[in-house]
Amino acid sequence: MLDHCSISHKGGIVLWSRSFTPAAAQATASSSSPVNSLIREALIEGRTAEDKYEKDGYAVKWTFVNDLELIFVVAYQRILQLTYIDELLATLKSIFVKLFEPFLATFIASLHAASKGKILSTVGETAATWDFSKAFENWDAVFNKILHGLESKATQDRRTRFKPTQMAVEPSPPTDDMSLIPSESVEASVDEEQIARNVQALKNRLRGRGARGGRRGSGRSDIGSGRDSLPGSDSDTPAKRKTKSKTQRKWGNEAPTESDMASLDFSYEKPGDAVNAAPDLNSLVDETSLGIRTQDGMYEVKDWEFGTKNSVADDMISKALNSSQASKPAPSGSLGALGSLFARITGSKVLTEEDLKPVLEGMKQHLMKKNVAKEISEKVCEGVGESLVGKKVGGFQTTNAAVRAALSNSITRILTPKTSTDLLLSIRTKLSTPLPSTQQRMPYSITFVGVNGVGKSTNLSKVCFWLIQNGLRVLIAACDTFRSGAVEQLRVHVRNLSMLGVNGATDSKGRVELYEKGYGKDAAGIAKEAIAYGRDNDFDVVLIDTAGRMQDNEPLMRALAKLVATNNPDKIIFVGEALVGNEAVDQLTKFDRALRDFSSASGGNGKERGIDGMLVTKWDTVDDKVGAALSMTYVTGQPIIFVGCGQTYTDLRQLRVSNVVQAILAD
Ligand SMILES: Nc1nc2c(ncn2[C@@H]2O[C@H](COP(=O)(O)OP(=O)(O)OP(=O)(O)O)[C@@H](O)[C@H]2O)c(=O)[nH]1
């Protein structure tokens, strides 16, 4: 039995939904529901290459209608082997689109018109003015009929499977049985002739689909014809209707004016058309963090900017940053060599998989050249392809812009943080939360993990500098009890940091301290003692340095998970190099998996803990080959909190998504 079904706009607006069990209704309402997780993890992050998603005992499947920007989703218990799900999605898609196409087209056009001004709230307000329950009031009955038809067909199939002699002579009824469409319940508003045409077309399509295989395509092109097929609201008999000209239902309060129509016409490309431009998501990044010091005297981490020079006068860094490639922005409206690949598709047509194949292959190679892991390049390109198949394009310019915009959108979605990257806010919130008088305030703790030599200690020190500049007292816990010199390295950093002063003043004494217990001891125990010391001595933050380890070294991964389970740090930051290519996927997947598996088994509160965010180091050495950022965020779904771009304490930056997208797209 199905648990949930919904039809949404890709932007997240739910047009229609139905939950079949109280548990599913409750789960769907919560942000952790499988459907919500699907939309967040699969769609917003651009993981559209897969068509199934499993979470918390649920399986979720979906299908798109690209040109109407719709997504049909069904959720059911994973344990149930529901054989009719693909057919259900295909049938729902075909019939829903056919019945409501004019309404949907007007609705999508109004969203586009609202989003042209790039005012996101306007889009929300626009959506709120539409009464979906009224518009789709007949859909419930149609849906029931379709679902019940397929469920009974599946039951019958199951029965016939156990009757081998009958199977040969009694083929199960086709899913496009006429009875899928209700007669009486929608009679009042659905044109029977049109339904008959739809059903016939659907029959043809489903037969054809069986022969062709595959599930891609708009699912609309071969069904019936004409936009005037929207069911009218009168209940006339077919005979009466012949004498009466059919009037189109109007979905707005007023007739659209000429200028309304012009603004809704997306059939050709206009200068500055937002549809063709990469979305301006700059507003999602903290605009105030561009300078070193804010008005209230606080120190802020600057954003990394593509093609700009760092503060480090390092030969290698200067060379990298001054190279013509790094300072050359991507030519607007084109992608250079990548653009020439797009030029292979020309003419006005509906894009097919075959059209896109060579372009996507070129795109994959381009991403790999930018250091995106092979596996991720493939998945991103598959997702881009999925989003374009079935879209209409009107000529070279439009196709080029459509492919570029789709790739840009996909990368932007993946990179855009889904959780807050405002570490200071998170720390201050914890520190200012009132506690019962019997409870002592715990410091905010951050654990830095990663493979050997990636820059954990160096960048932990940069974070420490930033925290003390923001007026916080920081204790560094030397929990790398393995590599010789690791404790001494931190000792030097702490000495330097305590001499640097706070906001230009020299009263920094006591703002930073090292908690060390030498080598060979249990790192989890030292971290525990350090946090207790921090609590007793009024430290605001404890930064826990850990020994580098290879992701395949199970004993060391277990030891790290034990440290995490014992101390339950507020943040676990994975430190990884920007230089890493395909290795990024392996490192992150295994660190995250090992932490989750072993930490829940290692005691503590028994809760699974994975990586909360990333710090990407040696950013200054990769020029514009910043693809590791994309691989890392794709694998974990977690944000890049900082990038390290040099070897001094101020060489810490925040990631500005638009800059990274620009660098990845640049030729
Ligand atoms: N260019 C550049 N070098 C960096 C950056 N971050 C760290 N490094 C250098 O990378 C090297 C290794 O840094 P560490 O901090 O010792 O690395 P680690 O991960 O703590 O090493 P282990 O404890 O052995 O795992 C040092 O030479 C750092 O100066 C960065 O952002 N840019």
Side-chain angles (χ1 to χ4, degrees), residues 301-305 308-323 326 371 446-466 476-497 514 516 518-521 523 526-527 543-553 556-557 559-560 563 572-580 583-584 587-588 590-591 611 614-626 628-629 632 640-655 660:
V301 179
K302 286 197 278 183
D303 288 345
W304 171 77
E305 282 189 45
T308 57
K309 200 174 179 309
N310 270 309
S311 59
V312 183
D314 181 300
D315 270 350
M316 175 180 63
I317 297 164
S318 305
K319 191 165 157 266
L321 291 173
N322 289 333
S323 76
N371 222 9
I446 308 173
T447 303
F448 293 76
V449 303
V451 303
N452 309 71
V454 288
K456 290 180 295 299
S457 312
T458 308
N459 286 280
L460 174 148
S461 307
K462 293 180 199 172
V463 173
C464 178
F465 174 72
W466 171 66
I476 295 180
C479 296
D480 180 353
T481 59
F482 185 72
R483 176 174 66 84
S484 69
V487 177
E488 289 75 10
Q489 186 182 355
L490 286 177
R491 211 178 283 151
V492 172
H493 280 307
V494 167
R495 200 182 57 222
N496 293 344
L497 288 166
L514 181 69
E516 54 165 304
Y519 295 95
K521 308 233 170 59
I526 298 178
L543 301 179
I544 302 166
D545 189 30
T546 63
R549 66 204 74 210
M550 294 313 289
Q551 65 271 22
D552 289 314
N553 189 327
L556 292 184
M557 293 308 292
L560 185 63
L563 185 150
I572 303 173
I573 297 184
F574 177 87
V575 183
E577 287 178 327
L579 300 155
V580 77
E583 259 289 287
Q587 281 180 12
L588 267 161
K590 288 184 175 157
F591 260 83
I611 288 161
M614 281 83 67
L615 192 159
V616 187
T617 64
K618 309 185 187 178
W619 196 254
D620 47 295
T621 64
V622 291
D623 197 358
D624 64 349
K625 294 183 179 46
V626 292
M632 289 182 181
I640 290 174
I641 300 175
F642 296 113
V643 290
C645 52
Q647 299 176 70
T648 73
Y649 293 120
T650 55
D651 289 326
L652 195 65
R653 299 283 183 274
Q654 272 176 342
L655 201 86
V660 181

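Counting starts at 1 for both ligands and their atoms, following the listed order. Hydrogens, waters and symmetry mates are skipped; everything else that's a heavy atom, side chains included, is used. Model, not experiment: these values are computed from the prediction.
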Met632 CE to Phe574 CZ distance, which is reported to the nearest 0.5 Å: 6.0 Å
Test log, rule side-chain contact (heavy atoms from CB on, under 4.5 Å), inputs Asn459 and Phe642: CA-CA 9 Å; Asn459 286 280; Phe642 296 113; over 6 Å; no
Proximal ligand 1 atoms for Lys456, defined as those under 4.0 Å from one of its heavy atoms: 15 (O), 17 (O), 18 (P), 19 (O), 20 (O), 22 (P), 25 (O)
Closest to atom 9 (C) of ligand 1 among Gln489, Lys618, Arg483 (heavy-atom distance): Lys618
side-chain hydrogen bond (donor to acceptor under 3.5 Å, both in side chains) involving Asp552 - partner list, sequence neighbours excluded: Lys590
Contact atoms of ligand 1, heavy-atom distance to Asp480 under 4.0 Å: 23 (O)
Within-shell test, Asp620 vs ligand 1, heavy atom, strictly < 4.0 Å: yes
Those residues that, when tested against Phe448, pass ring pair (Phe, Tyr, Trp, His ring centres under 6.0 Å) (two or more places apart): none
Contacting atoms of ligand 1, where contact means under 4.0 angstrom from a heavy atom of Gly548: 25 (O)
Non-hydrogen atom of Lys462 closer than 4.0 Å to ligand 1: yes
Asn459 contact mode with ligand 1 (heavy-atom cut-off under 4.0 Å): side chain
Nearest candidate to atom 21 (O) of ligand 1, where distance is taken over non-hydrogen atoms, out of Ala578, Gly453, Gly644, Gly450: Gly453
N/O donor-acceptor pair under 3.5 Å between Asp651 side chain and Thr648 backbone: yes
His493-Phe465 aromatic ring centre distance below 6.0 Å: no
Distance, nearest 0.5 Å, that separates CD1 of Ile573 from CD1 of Ile544: 11.0 Å
Interfacing atoms of ligand 1 (cut-off 4.0 Å, heavy-atom, Ser457): 15 (O), 20 (O)
Proximity of Cys645 to ligand 1 by residue part, where a heavy atom lies under 4.0 Å: backbone
Nearest-0.5 Å distance that lies between atom CH2 in Trp466 and atom CD in Gln654: 6.5 Å
For Thr458, the ligand 1 atoms whose distance to one of its heavy atoms is below 4.0 Å: 7 (C), 13 (O), 14 (P), 15 (O), 28 (C)
Where ligand 1 meets Asn452 - atom numbers and elements under 4.0 angstrom, heavy-atom basis: 25 (O)
